[in-house]
Structure formats: structure tokens, C-alpha cells
Amino acid sequence: RRTLPEPMWRGAHGKQQPITPGQGRPRPLRTMNTSHPGSSLTIGRRIALSSGFLCAVLTLLCLFSIHRIREVRQVSDSIVFDALPGTVSAAAINASQAENQLRIQRALSAPSPEAVETLKSQVAAADAVVADALKAYEITITSEEDRNLFRELTAARAAFLPLSQTFWSILATNREAAAEVLNRDLTPAYGRYKLAGDELIRFNSNNGTTRGRQLDQIVRSTVVLLGVAGAVALLVGIGSSFAIVRGIGRVLRSVSENLNDGACHVAAASAQISTASQTLAEGASEQAASVEETSASLEEISSMTRRN
């Protein structure tokens, strides 16, 4: 009987190698690991964590932007609806009162009672404009300091108006006495009135300047912070993407090695099956030949027996 050939299997590089006694089967396939070496986080979890972190950063940026935009809006509203209207109203009050003071002085040298009445009616119209401006200004008051200055202005106006009425009533009968009232009482009252208006204008001008600088500072700091936050988010995104790509590359290399090992195992098993099949075929052929020889011998013996 022929001896069966020694079993063979293909190694990692396709070279046939014999299986020696005690060697057993080729080494089993390695288990594929979808996580980074030394880490319990899979690639999917890392992608989810990176995406969640980026979403959180974007959410914080949006909330920060909304907060800063509200601050910008508050400051801009205070400029548009408080500082600027207050400055305009205070300037209109001072300008109207200065024109009235000039009309009062011109009334002393008016050529006729009709001219005096014309100037008096113009002063009354200007006083109505001042009253409207005071009402408009009072609506814009938002601070205690502004309110105190407004009270000083209204008090100076309240002291000035009776003296103005006295001047007009005396002017109709005695110009010398009216001039004395103008110089002694009305002009100092007008000075206090004008000073209060100037203080109100100065306050609103400084207030607008301060809020304008505050607005500029908010805008500048917002731009810087958003730029820094965006750069940090970009760096984190690039770093996480690089880490994910490296992890996926490691996993793909592991999968490739496992597939290569599996192909080697399949090739070795195929070679073993082919060798065994060939051995069985040769054994069957030899047995058939032996059977033929035996049959021929039996026929020979049978013929010899019949001849004898």
C-alpha cells in the first residue's frame, strides 16, 4: 500500500509548508477591533463625541452672539432714543430761549406799539415750542442725574417766565422801568436758565459719547471673542477629524490583515483537500489494477482447473 503524502498548507506569502506533528492547524484569525489601540471607544463613539462637541461649541457661539447682539441693541437704542433726542431737545430749548431774549431786548427799542406786540407774539410762540420740547425731553429721561438736571432747568424756566411777563406789562407804560427790570432781574434769570440748558446739553453729549465708546468696545470684543472661539472650534474639528481618520486607517489595516490571514487559511485548506483527493484517486486506481490482476489470476486458475 502506498504511503499518503505529507499534508501541506500555504503560509502567509503563498509558500507551501508542511504541518509537522504537534503543530496542529494554522493559527486562528485575529479578532477585528474597531477601536483605537489602548482605548475602549469605538470609531462610531468617537465620531459621535466629536460631532457632539462641535455642536455644543456652535450652540455656545450662537448663544454668545445673541447675548452680545442684545447688548449692542440696548446701547444703540439708548443712543438713538435717549442721548440724541435729549441733545436735540435741550439744544432747541436753549436756542428758542436765546431768540426770546434777543426779542425782549429788541422790544425796548421798538419804534411802535405794533412792533412790540409782534415781538411779544413771537416770544409767546417760542415759549410754546420750548414747552413742547420740555415734554418731549421728559419722555427720554432714564437716569437720576438726567432727571435732576431737567428739574433744575424747569425751575430756572419757572423763575424766568414771571419776570418776562412783568417786563412786558411794564414795557407797555414805562420803557425806562422795563429796561431796569430787564437788567436787574430778567437778564440774571436768563443766565441761570441758559446755564441749566447748557448743563443738560453737556450731559446728553457726554452720555452719547460714552455710550458710543461702549458700543465700539462691545463690537470689538465680540469680534475678537468670536474669532478666537471660531479658531478653537476649527482646531478641535481638525484634530478630531485627524484622530478619526487615523483610527479608521488602523481598523482598515486590521481588517486587511484578517482577510489576508483568512485567504491563507482557505488556500491551505484547499491544498490539503486537493492533496487528499489526489491520494485517494491514486489509491483507487491502484486498487482497481490489483482487482484486475486478481481477476486475471482467478481466470487463469479456473482454466487450469478445467483442463486438469
Side-chain angles (χ1 to χ4, degrees), residues 75-213 215:
V75 176
S76 61
D77 286 347
S78 66
I79 295 175
V80 174
F81 300 109
D82 183 16
L84 290 179
T87 303
V88 171
S89 297
I93 292 169
N94 262 18
S96 297
Q97 192 55 41
E99 292 176 356
N100 277 350
Q101 188 67 14
L102 290 176
R103 292 187 183 102
I104 290 173
Q105 292 176 356
R106 286 166 53 193
L108 286 175
S109 58
S112 62
E114 290 78 9
V116 173
E117 289 298 326
T118 301
L119 292 171
K120 185 177 180 181
S121 61
Q122 291 176 356
V123 169
D127 283 338
V129 172
V130 171
D132 293 338
L134 288 172
K135 291 179 181 179
Y137 185 88
E138 189 174 9
I139 298 175
T140 66
I141 295 176
T142 57
S143 65
E144 190 63 28
E145 182 180 1
D146 193 10
R147 188 170 300 279
N148 291 333
L149 292 174
F150 180 76
R151 288 172 181 169
E152 292 178 2
L153 178 64
T154 53
R157 173 179 166 80
F160 176 83
L161 290 179
L163 295 174
S164 176
Q165 295 297 328
T166 302
F167 168 80
W168 289 111
S169 62
I170 296 175
L171 182 62
T173 58
N174 191 343
R175 292 201 174 195
E176 290 76 8
E180 184 179 355
V181 170
L182 174 63
N183 295 327
R184 185 185 69 240
D185 300 326
L186 196 56
T187 300
Y190 168 73
R192 292 188 293 269
Y193 191 3
K194 183 178 181 301
L195 180 61
D198 291 340
E199 289 295 327
L200 204 60
I201 293 174
R202 188 178 298 108
F203 169 80
N204 284 276
S205 177
N206 293 338
N207 190 26
T209 302
T210 301
R211 293 182 181 180
R213 291 174 180 172
L215 180 62

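No donor-acceptor distance shorter than 3.5 angstrom exists from the side chain of Ser164 to the backbone of Phe160, with no hydrogens or angles considered. Here the side chain of Arg211 pairs no donor or acceptor atom with the backbone of Ala83 at under 3.5 angstrom. Here the side chain of Ser89 pairs no donor or acceptor atom with the backbone of Gly86 at under 3.5 angstrom. Side chain of Asn174 to backbone of Ile170: no donor-acceptor contact under 3.5 angstrom is found. Between the side chain of Arg175 and the backbone N or O of Leu108, at least one donor-acceptor pair lies under 3.5 Å.
Atom CG of Leu134 and atom CD1 of Ile93 lie 4.0 Å apart (nearest 0.5 Å). In this structure, CD on Glu152 lies 9.5 Å from CG on Leu200, to the nearest 0.5 angstrom. Taken from CD in Gln122 to CG in Leu102, the straight-line distance is 11.5 Å, to the nearest 0.5 Å. If you take OG1 on Thr209 and CG on Asn204, they are separated by 10.5 Å, rounding to the nearest 0.5 Å. Atom-to-atom distance recorded for Thr187:OG1 and Arg192:CZ is 10.5 Å, nearest 0.5 angstrom. Note: Glu138 CD to Arg151 CZ = 9.5 Å, rounded to the nearest 0.5 Å.
Ionic pairing of Glu199 and Arg202 is present here: one or more N-O contacts between side-chain nitrogen and carboxylate oxygen are shorter than 4.0 angstrom. Under the 4.0 Å criterion applied to side-chain N and carboxylate O atoms, Lys194 and Asp198 are assigned as salt-bridge partners.
The side-chain heavy atoms of Arg184 and Leu163, taken from C-beta on, include no pair separated by under 4.5 Å. Residues Lys120 and Leu171 have side chains not in contact (no heavy-atom distance under 4.5 Å, counting atoms from C-beta outward). Counting heavy atoms from C-beta outward, Asn94 and Gln97 have side chains that stay 4.5 Å or more apart.
Under 3.5 Å, the side chains of Asn100 and Tyr193 contain no donor-acceptor pair of N or O atoms.
Each of Thr140, Ile139, Val80 was compared with Pro85 under the side chain to side chain contact (heavy atoms under 4.5 Å, CB included) criterion, and only Thr140 meets it.
In this structure, Ser96 and Val130 approach most closely via the heavy-atom pair CB-CG2, 3.4 Å. In this structure, Pro162 and Ala159 approach most closely via the heavy-atom pair CD-O, 3.7 Å. The two residues Arg157 and Asp127 have their closest heavy-atom pair at NH2-O, 3.5 Å.
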Does the pair Asp185 and Thr166 meet the rule for a side-chain contact (heavy atoms from CB on, under 4.5 Å), with working shown? CA-CA 10 Å; Asp185 300 326; Thr166 302; over 6 Å; no

For Arg213 and Val75: C-alpha separation, side-chain torsions, deciding distance, then whether side-chain contact (heavy atoms from CB on, under 4.5 Å) applies. CA-CA 10 Å; Arg213 291 174 180 172; Val75 176; over 6 Å; no

Determine, stepwise, if the pair Asp146 / Tyr137 fulfils side-chain contact (heavy atoms from CB on, under 4.5 Å). CA-CA 10 Å; Asp146 193 10; Tyr137 185 88; 2.4 Å; yes

Determine, stepwise, if the pair Trp168 / Val123 fulfils side-chain contact (heavy atoms from CB on, under 4.5 Å). CA-CA 11 Å; Trp168 289 111; Val123 169; 3.8 Å; yes

